[in-house]
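Each chain gets a letter, A, B and so on, in the order the sequences are listed, and its residues count up from 1.
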Amino acid sequence: MNYSENSKDFFQLVYQVCREIPYGRATSYGTIAKYLGSGRSSRMVGWAMNNAHQQNPPVPAHRVVNRNGQLTGKMHFANPMEMETLLKMEGITVEKDQITNFKKVFWDPSIELDLEA
DNA sequence: CGATTGACACCAA
DNA sequence: ATTGGTGCCAATC
């Protein structure tokens, strides 16, 4: 598929960025929103995630958390506990639904995302 | 078309 | 530091 269809939908853009999140990393809604140029439209990112489950390929929404590194959307997963499990499985420390080493696993698309020049 | 919602973020008290 | 309220943008009812 043409990845150049970035002007398709705001959602698709969010999904793509989420899929680009490397293993063992996580980012926040605001960061993604900002990367997309929306800045404070962090809510839209979460809104987009609502459909993430019906996207194909599926979006690793478990790597997307709020600015606090808190798993706010884990309840939206088929199995809430799966979100924590996935994060822990990737080496991310999760305690009380919050990423303790969020600062370490934090991933910034505008920095580490290589869009193949 | 108008009002409400939403997996957030930021500012003020 | 913690809690509460407001702001943003788009989608859904």
Side-chain angles (χ1 to χ4, degrees):
Chain A
M1 304 319 156
N2 292 337
Y3 287 64
S4 306
E5 300 184 70
N6 49 3
S7 56
K8 193 157 210 271
D9 281 323
F10 186 86
F11 286 26
Q12 298 302 325
L13 214 40
V14 176
Y15 301 145
Q16 183 172 333
V17 175
C18 292
R19 284 194 227 112
E20 295 301 318
I21 300 175
Y23 181 90
R25 292 290 192 101
T27 188
S28 63
Y29 304 93
T31 303
I32 295 172
K34 189 173 184 177
Y35 176 72
L36 297 178
S38 299
R40 293 171 178 166
S41 62
S42 50
R43 296 177 134 184
M44 304 318 42
V45 179
W47 201 252
M49 285 289 131
N50 197 1
N51 289 331
H53 289 289
Q54 56 186 315
Q55 298 308 316
N56 185 20
V59 178
H62 63 275
R63 291 180 185 157
V64 183
V65 295
N66 67 357
R67 178 190 138 3
N68 289 324
Q70 189 172 20
L71 285 52
T72 52
K74 72 178 206 170
M75 55 171 74
H76 291 265
F77 282 74
N79 296 318
M81 59 183 177
E82 186 171 298
M83 188 170 183
E84 311 179 30
T85 303
L86 289 169
L87 291 170
K88 290 179 180 178
M89 182 174 67
E90 298 190 358
I92 299 177
T93 308
V94 179
E95 183 175 315
K96 296 193 283 47
D97 301 339
Q98 184 177 351
I99 299 175
T100 56
N101 58 347
F102 180 60
K103 189 174 182 179
K104 299 176 184 177
V105 302
F106 182 75
W107 176 78
D108 191 334
S110 63
I111 296 175
E112 302 191 40
L113 179 56
D114 287 339
L115 290 178
E116 291 310 298

Rounded at 0.5 Å granularity, tell me how far CG in A:N50 sits from CZ in A:F11. 8.0 Å

Each base of DNA chain C marked ( ) or [ ] if paired in-strand (Watson-Crick or G-U under 3.5 Å), | if paired to another strand and . if unpaired gives .||||||.|||||

One pair to check against side-chain contact (heavy atoms from CB on, under 4.5 Å): A:I92 and A:N101. What are the steps and the verdict? CA-CA 7 Å; A:I92 299 177; A:N101 58 347; 3.8 Å; yes

On the side chain of A:H53, is there an atom forming a donor-acceptor pair with the base of B:dA7 - under 3.5 Å, no angle test? yes

Please state how far atom CG in A:L86 lies from atom P in B:dA7, giving the value in whole angstrom units. 20 Å

Does A:F11 or A:S42 map to a spot on DNA chain C nearer the 5' end, using the closest nucleotide for each? A:S42

Which protein N or O atoms sit under 3.5 Å from an N or O of nucleotides 2-5 of chain B?
none

Atom CD of A:Q12 to atom C1' of C:dA10: distance rounded to whole Å? 14 Å

Rounded distance in Å - CG (A:N79) to P (B:dA7): 18 Å

Check A:H53, A:M49, A:Q55 against A:N51 for a side chain to side chain contact (heavy atoms under 4.5 Å, CB included) and give me the one that passes. A:Q55

Interatomic spacing from NZ in A:K88 to CD1 in A:I99 - rounded to 0.5 Å: 11.0 Å

Grab the CG-P distance between A:L71 and B:dC8 for me, whole Å please. 11 Å

Over how many whole Å does the gap from A:Q54 atom CD to C:dA11 atom C1' extend? 13 Å

Taking atom P of B:dA7 as reference, at what distance in whole Å does atom NE2 of A:H76 sit? 4 Å

Taking only the side-chain heavy atoms of A:N50 (C-beta and beyond), determine which of B:dA7, C:dA11, B:dC8 contains the nearest atom. B:dA7

Presence of A:T72 side-chain N/O under 4.0 Å of B:dC8 phosphate oxygens OP1/OP2: yes

Verify same cluster id: A:L36, A:I21 (apolar side-chain graph, 4.5 Å): yes

What pairs of nitrogen or oxygen atoms, one from the protein and one from nucleotides 10-13 of chain B, lie under 3.5 Å apart?
from, atom 1, to, atom 2, distance (Å)
B:dC10, OP2, A:R67, NE, 3.4

Minimum heavy-atom separation for A:F10 and A:S41, please, with both atom names. CZ-OG, 3.9 Å

Rounded to the nearest 0.5 Å, what separation is found between the CG atom of A:N68 and the CG atom of A:D97? 12.5 Å

Going hydrophobic residue to hydrophobic residue with side-chain gaps under 4.5 angstrom, can you get from A:V64 over to A:L87? no

Residue A:R67 excluded, over 12 heavy atoms near CZ under 6.0 Å: no

Check the distance between C:dA11's P and A:N51's CG and give it to me in whole angstrom. 10 Å

Verify the cluster assignment for A:V59 and A:Y29: are they in a single hydrophobic cluster under the rule of side-chain heavy atoms below 4.5 Å apart? yes

Check every strand shown and say whether A:A33 touches a base, only sugar-phosphate, or nothing at a heavy-atom separation below 4.0 Å. nothing

Which residue in the set A:H62, A:K74, A:Q98 passes side chain to side chain donor-acceptor pair (under 3.5 Å) when paired with A:E84? A:K74

Same hydrophobic cluster for A:F106 and A:Y35, using side-chain heavy-atom links shorter than 4.5 Å among ILVMFWY? no

Over how many whole Å does the gap from A:D97 atom CG to B:dA7 atom P extend? 15 Å

